[in-house]
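The residues of the chain are indexed from 1 along the displayed sequence. For clarity, every value in this text was computed on a predicted model and none was experimentally measured.
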Amino acid sequence: MRGFVHSSTPSRVIFGAGVVDGLGAEAARLDARRVLVLSGPSRRSVDRIRGALGTLFVAEFTGARMHAPVAVTEQALAVAREHEVDCLVAVGGGTATGLAKAVAARTGLPQLIVPTTYAGSEVTSVLGETANGRKTTRSSPGLLPETVLYDVDLTLGLPVDLSIASGVNAVAHAVEALYSPQVNALIDAVAHAAIGLIVPALAAVAARPADRSTRADLLEGAWLAGTCLASADMGLHHKLCHVLGGSFGLPHAPAHTVVLPHVIAFNAHAVPDVTAGIAATMGVPDAAAGLAELIGTLGGPTSLRELGMAEVDLTEAARLAVVAPYPNPRPVDAAVLETLLRDAWHGRTPDARVPSSPSPR
Ligand code: NAD
């Protein structure tokens, strides 16, 4: 028998093709009159958003940067104040969403989010920010966006490599939820539904990137995976990726893609039933090997080295990953994590080795 504490975060989700055109009505629903649109420098879809908002649009800020640097948030805050905005719209991946949350955290402004990747941040009340080379997270109900508009059409052009990496990022939310202390029948069902939608869609999207039905599966799976992230404490995998991104500047989704098969293999002995269940949903004999093979077949990334990580930094990354405790089914220490990271750095095939056995350097 298992005990658990379950929290569901309230969110209004609008899902479909072309739903972004209803953004003006959603803003009006929040009594917004002056909307600031936040995005990354590419301004992808910003003109469409602007058209959908009509006269409610008053300003845009296109400087969103990955891992939410506080200095960038301050620039966006200055724009928000200058234009006396009363609502935020973010369009883009987790980077744009993170900026909206960071501005909302400091102003209380409502947020409408239009996600164009599979990061899942839009349904969590968590914000990760970086300052002075360290990433810290905070969580508060006030950070949760008011409405999420998942418009499949805005995802059709997400390049295949980013789609695979972002999709694996979403799989990681579902996997870690399945062995979190909060796991229950609801999380279990949602996480398996997410994995069951996302994993087959990864290969399909690589073959037909603009196929709307495949993109819809990926996006719906990403939403479900995001709700797992919102309801369950994450373990070793998220901790490692948090350190790799926040302290060593690795790109978020590609880092998840390299690390996830290694963490699944690492935890496999501690949660054999969970790992077997993940493999069954994926339709492969072994979850870690199956995921690693899929990622490799679809073009990677498969090593931290190719993401620009310096080998000399692995020891420090392992040390940082054990500074604060977090739930994980298998105990961790800096030495075993360095072994895991070294394997991931080389791009070795993940295996469920005994934790104390050193890997070749
Ligand atoms: P991202 O938002 O930086 O997007 C990756 C790249 O994809 C960018 O270059 C972007 O311009 C491009 N892109 C996005 N949508 C596109 C589209 N439809 N077509 C073409 N290109 C497109 O990366 P991400 O992985 O989505 O998000 C990473 C950030 O989100 C990190 O800062 C991470 O910490 C944060 N995050 C937070 C949470 C949370 O719950 N707080 C969860 C997941 C991620």
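For the atom pair CG (L218) and CG (L158), the distance works out to 9.0 Å, reported to the nearest 0.5 Å. The line from CD of Q111 to CG of L144 is 8.0 Å long, rounded to the nearest 0.5 Å. To the nearest 0.5 Å, atoms OH (Y326) and CD (E176) are separated by 9.5 Å. Rounded to the nearest 0.5 Å, atoms CG (D273) and CD1 (I278) are 11.0 Å apart. In this structure, OG in S45 is found 14.5 Å from CZ in R50, a value given to the nearest 0.5 Å. From E293, atom CD reaches atom CG of L298 across 10.0 Å, with rounding to the nearest 0.5 Å.
In this structure, the side chains of L162 and P159 come closer than 4.5 Å at one or more pairs of heavy atoms. The shortest side-chain heavy-atom distance between I295 and T302 falls under the 4.5 Å cut-off. Under the 4.5 Å side-chain criterion, counting only non-hydrogen atoms from C-beta, H6 is not in contact with Q182. Put simply, the side chain of L341 does not reach to within 4.5 Å of the side chain of D343, judged on heavy atoms. R29 places a side-chain heavy atom less than 4.5 Å from the side chain of T147. Side-chain contact check for L127 versus T137: every heavy-atom pair is 4.5 Å or farther apart. Looking at R138 and L143, their side chains come closer than 4.5 Å, going by heavy atoms from C-beta outward. Residues V89 and I49 form a side-chain contact, since some pair of their non-hydrogen atoms from C-beta on lies under 4.5 Å apart.
For T124 (side chain) and G120 (main-chain N/O), no donor-acceptor pair under 3.5 Å exists by modelled atom type. At least one donor-acceptor pair under 3.5 Å links the side chain of T281 to the backbone N or O of G277. Without hydrogens or angle criteria, E338 side chain to L314 main chain gives no donor-acceptor distance under 3.5 Å. Of the possible donor and acceptor atoms, one in the side chain of S303 sits under 3.5 Å from a partner among the backbone N and O of E306. Side chain of D21 to backbone of A52: no donor-acceptor contact under 3.5 angstrom is found. Side-chain atoms of Y150 never come within 3.5 Å of backbone atoms of A222 as a donor-acceptor pair (strictly under, hydrogens ignored). Put simply, the side chain of N169 never gets that close to the backbone of H256: no donor and acceptor are under 3.5 Å apart. Judged by distance alone, the side chain of S166 and the main-chain N or O of S163 form no donor-acceptor pair under 3.5 Å. Under the 3.5 Å distance criterion, the side-chain polar atoms of T155 are matched with a main-chain donor or acceptor of V152. For S11 (side chain) and V13 (main-chain N/O), no donor-acceptor pair under 3.5 Å exists by modelled atom type.
Shown here for A174 and I195, the closest heavy-atom pair between the two residues is CB-CG1, 3.7 Å. When all heavy atoms of V284 and G290 are compared, the closest pair comes out as CG2-CA, 4.1 Å. G167 and I198 make their closest contact through O-CG2, 3.6 Å (heavy atoms, listed as atom of the first residue, atom of the second, distance). The heavy-atom pair separating G221 from A194 by the smallest distance is O-CB, 3.6 Å. Closest approach of P261 to V258, counting heavy atoms only: CD-O, 3.5 Å. In terms of heavy atoms, A64 sits closest to V72 at CA-CG1, 4.4 Å.
Side-chain heavy atoms closer than 4.5 Å link hydrophobic residues (I, L, V, M, F, W, Y) into clusters, and following such links, even through other members, never connects I14 to L219. By the criterion of side-chain heavy atoms lying less than 4.5 angstrom apart, applied directly or through intervening Ile, Leu, Val, Met, Phe, Trp or Tyr residues, V58 is not grouped with L56; the two fall into different hydrophobic clusters. Both V259 and L337 are part of a single hydrophobic cluster, where members link through side-chain heavy atoms under 4.5 Å apart. Cluster annotation: V332 and V271 are assigned to the same hydrophobic cluster (Ile/Leu/Val/Met/Phe/Trp/Tyr, side-chain heavy-atom contacts under 4.5 Å, transitive). Residues V168 and L340 share a single hydrophobic cluster, defined by chaining ILVMFWY side chains whose heavy atoms lie under 4.5 Å apart.
L229 forms part of a hydrophobic cluster together with M234, judged by ILVMFWY side-chain heavy-atom separations under 4.5 Å. Apart from I187 itself, the hydrophobic cluster it occupies contains V183, where clustering links Ile, Leu, Val, Met, Phe, Trp and Tyr at side-chain heavy-atom distances under 4.5 Å. With a 4.5 Å cut-off between side-chain heavy atoms of Ile, Leu, Val, Met, Phe, Trp and Tyr, the cluster of V126 takes in none. In the hydrophobic clustering, V312 connects to no other residue, as no ILVMFWY side-chain heavy atoms lie under 4.5 Å from its own.
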I would like to know whether D151 and F15 meet side chain to side chain contact (heavy atoms under 4.5 Å, CB included); could you show each step before the answer? CA-CA 6 Å; D151 193 326; F15 189 102; over 6 Å; no
Side chain to side chain contact (heavy atoms under 4.5 Å, CB included) assessment of L291 paired with M282: CA-CA 8 Å; L291 186 61; M282 289 174 61; 3.9 Å; yes
Is there a side chain to side chain contact (heavy atoms under 4.5 Å, CB included) between T214 and V205? Walk through the geometry before answering. CA-CA 6 Å; T214 301; V205 90; 4.0 Å; yes
Kindly determine whether F4 and N184 satisfy side chain to side chain contact (heavy atoms under 4.5 Å, CB included), including the steps that lead there. CA-CA 7 Å; F4 55 83; N184 57 50; 3.4 Å; yes
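Within the structure, ring-ring contact (aromatic ring centres under 6.0 Å, His included) pairs that include any residue of residues 168-193 comprise H173-H238 (at least two apart or interchain). Here side chain to side chain donor-acceptor pair (under 3.5 Å) pairs that include residues 52-67, with residues two or more places apart or in two chains, are R43-E60, H67-K135.
Only one option out of L236, V274, N267, L178 pairs with P329 in a side-chain contact (heavy atoms from CB on, under 4.5 Å); it is N267.
Within 6.0 Å of the CD atom in Q75, the count of heavy atoms belonging to other residues, nucleotides or ligands exceeds 12.
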Only pairs under 3.5 Å count here: list side-chain donor-acceptor contacts from residues 80-88, not counting sequence neighbours, and write none if there are none.
{"from": "D86", "atom 1": "OD1", "to": "R33", "atom 2": "N", "distance (Å)": "3.1"}
{"from": "D86", "atom 1": "OD1", "to": "R34", "atom 2": "N", "distance (Å)": "2.8"}
{"from": "D86", "atom 1": "OD2", "to": "R33", "atom 2": "N", "distance (Å)": "2.9"}

Give every donor-acceptor pair under 3.5 Å between a side-chain atom in residues 112-119 and any protein atom, sequence neighbours left out.
{"from": "T116", "atom 1": "OG1", "to": "G92", "atom 2": "O", "distance (Å)": "3.4"}
{"from": "T117", "atom 1": "OG1", "to": "A119", "atom 2": "N", "distance (Å)": "3.4"}
{"from": "Y118", "atom 1": "OH", "to": "R215", "atom 2": "NH1", "distance (Å)": "2.9"}

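In this structure D161 satisfies the side chain to side chain donor-acceptor pair (under 3.5 Å) test with no other residue, sequence neighbours excluded. Looking at residues two or more places apart in sequence or on another chain, you find no side chain to side chain donor-acceptor pair (under 3.5 Å) involving S7. With sequence neighbours excluded, no residue forms a side chain to side chain donor-acceptor pair (under 3.5 Å) with T297. For the side chain to side chain donor-acceptor pair (under 3.5 Å) test, residues two or more places apart in sequence or in another chain that qualify with S121 are K101.
Taking the charged nitrogens against the carboxylate oxygens, R12 and E26 do have a contact shorter than 4.0 Å, which makes a salt bridge. Between E74 and R106, no side-chain nitrogen of the basic residue sits less than 4.0 Å from a carboxylate oxygen of the acidic one, so the salt-bridge criterion is not met. In this structure, R342 pairs ionically with E311, as a charged nitrogen and a carboxylate oxygen lie closer than 4.0 Å.
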